[in-house]
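Have a look at the structure below, then the notes.
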Protein chains: 2
Amino acid sequence: MNTMQLNRFVEVAAQLSFSKAAEALHVSQPTVSHQIKALEDELGCALLVRSTRTVRLTDDGFAFLEYANDILDLAARAERRLKHKQRPNSQQLRIGAQHKRATYP
Amino acid sequence: MNTMQLNRFVEVAAQLSFSKAAEALHVSQPTVSHQIKALEDELGCALLVRSTRTVRLTDDGFAFLEYANDILDLAARAERRLKHKQRPNSQQLRIGAQHKRATYP
DNA sequence: TATGGTTACGGATGCCGTAAACATC
DNA sequence: GATGTTTACGGCATCCGTAACCATA
């Protein structure tokens, strides 16, 4: 499992279209198809129902979409944290004065 | 970024040794070295300090370790959820009667 | 029949392991 | 000098894009 696959799945789920997702992601349509299939194979279940004209999420797809978004969010936080060389005590531009963050540290 | 890289990093961080991590993961030592380096390149910073005899985490490494564990945990939950074909209402062996789960759905 | 997803296929890239080189204790 | 990591390198697998195929509305 990798962030590329998750990105593609999230995009397809948002667009409900492989071709539009491919366009938005600047890759070819077969590439999206390949990677979604690889993800489905790894997970051992279908995430999407294709009927040549329409795409919709399976129940598993809905469930996994939440995880995918959470994982991508975590990965993005980690990258921002390290790439911007933030130190643990120098949080960036925190609006409001909450002492605990919502979900992840 | 992928779960393999994260797995290897977490293992190296646990063992504080590339060779022991490689042994535990049943891959060669250079493979671990390659993947950790790829991860560091992608993140744009060093996660580990190598001194040929000892390995220790950088500050960035400590920070990233938490994210890595969280991401791997999420990925594992997602896989368990889908591979075991659990339906949302048929949670497995829940001890106690909590109505909300602790962190993730 | 037209649209949209999948499969086939070829070239390029990447990955892993063996072997050699390198660095520290 | 011994231990442990990195670099070099070669074979194999994987990935991506073009093109062809296929299925549905």
Rounded at 0.5 Å granularity, tell me how far [atom1] in [X] sits from [atom2] in [Y].
| X | Y | atom1 | atom2 | answer |
| --- | --- | --- | --- | --- |
| A:F9 | A:N69 | CZ | CG | 9.0 Å |
| B:T54 | B:L48 | OG1 | CG | 11.0 Å |
| B:T3 | B:I71 | OG1 | CD1 | 10.0 Å |
| B:Q5 | B:H34 | CD | NE2 | 13.0 Å |

Check the distance between [N]'s [atom2] and [X]'s [atom1] and give it to me in whole angstrom.
| X | N | atom1 | atom2 | answer |
| --- | --- | --- | --- | --- |
| A:I36 | C:dG4 | CD1 | C1' | 15 Å |
| B:E40 | D:dT6 | CD | C1' | 12 Å |
| A:Q29 | D:dA20 | CD | C1' | 13 Å |
| A:R53 | C:dT1 | CZ | C1' | 9 Å |
| B:R56 | D:dT5 | CZ | P | 15 Å |
| B:H34 | C:dC16 | NE2 | C1' | 7 Å |
| B:M4 | D:dA13 | CE | P | 16 Å |
| B:Q5 | C:dG14 | CD | P | 13 Å |

Report yes if a side-chain nitrogen or oxygen of [X] is closer than 4.0 Å to either non-bridging phosphate oxygen (OP1 or OP2) of [N]; otherwise report no.
| X | N | result |
| --- | --- | --- |
| B:S28 | C:dC16 | no |
| A:S17 | C:dG5 | yes |
| B:T31 | C:dG17 | yes |
| B:S19 | D:dT5 | yes |

For B:V55 and A:N2, take the nucleotide of DNA chain D holding the closest heavy atom to each; which residue's nucleotide lies nearer the 5' end?
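Between the two, 5'-proximity favours B:V55.
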Given that B:S51 and A:V27 both sit by DNA chain D, which one's nearest nucleotide is further toward the 5' end?
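Closer to the 5' end of DNA chain D: B:S51.
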Could you check whether B:Q35 gets within reach of a base, just the sugar-phosphate, or nothing at all, counting any heavy atom under 4.0 Å?
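Counting heavy atoms under 4.0 Å across all strands, the contact made by B:Q35 is with sugar-phosphate only.
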Regarding A:R50, tell me which of base, sugar-phosphate or nothing describes its non-hydrogen contacts under 4.0 Å with the strands shown.
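Answer is sugar-phosphate: A:R50 comes under 4.0 Å of backbone atoms only.
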For B:Q15, is the CD atom crowded, meaning more than 12 foreign heavy atoms sit under 6.0 Å from it?
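Counting other residues, nucleotides and ligands, CD of B:Q15 exceeds 12 neighbours.
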Counting side-chain heavy atoms from CB outward, which of C:dG5, D:dT7, D:dG17 is closest to B:P30?
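Nearest nucleotide to the side chain: D:dT7.
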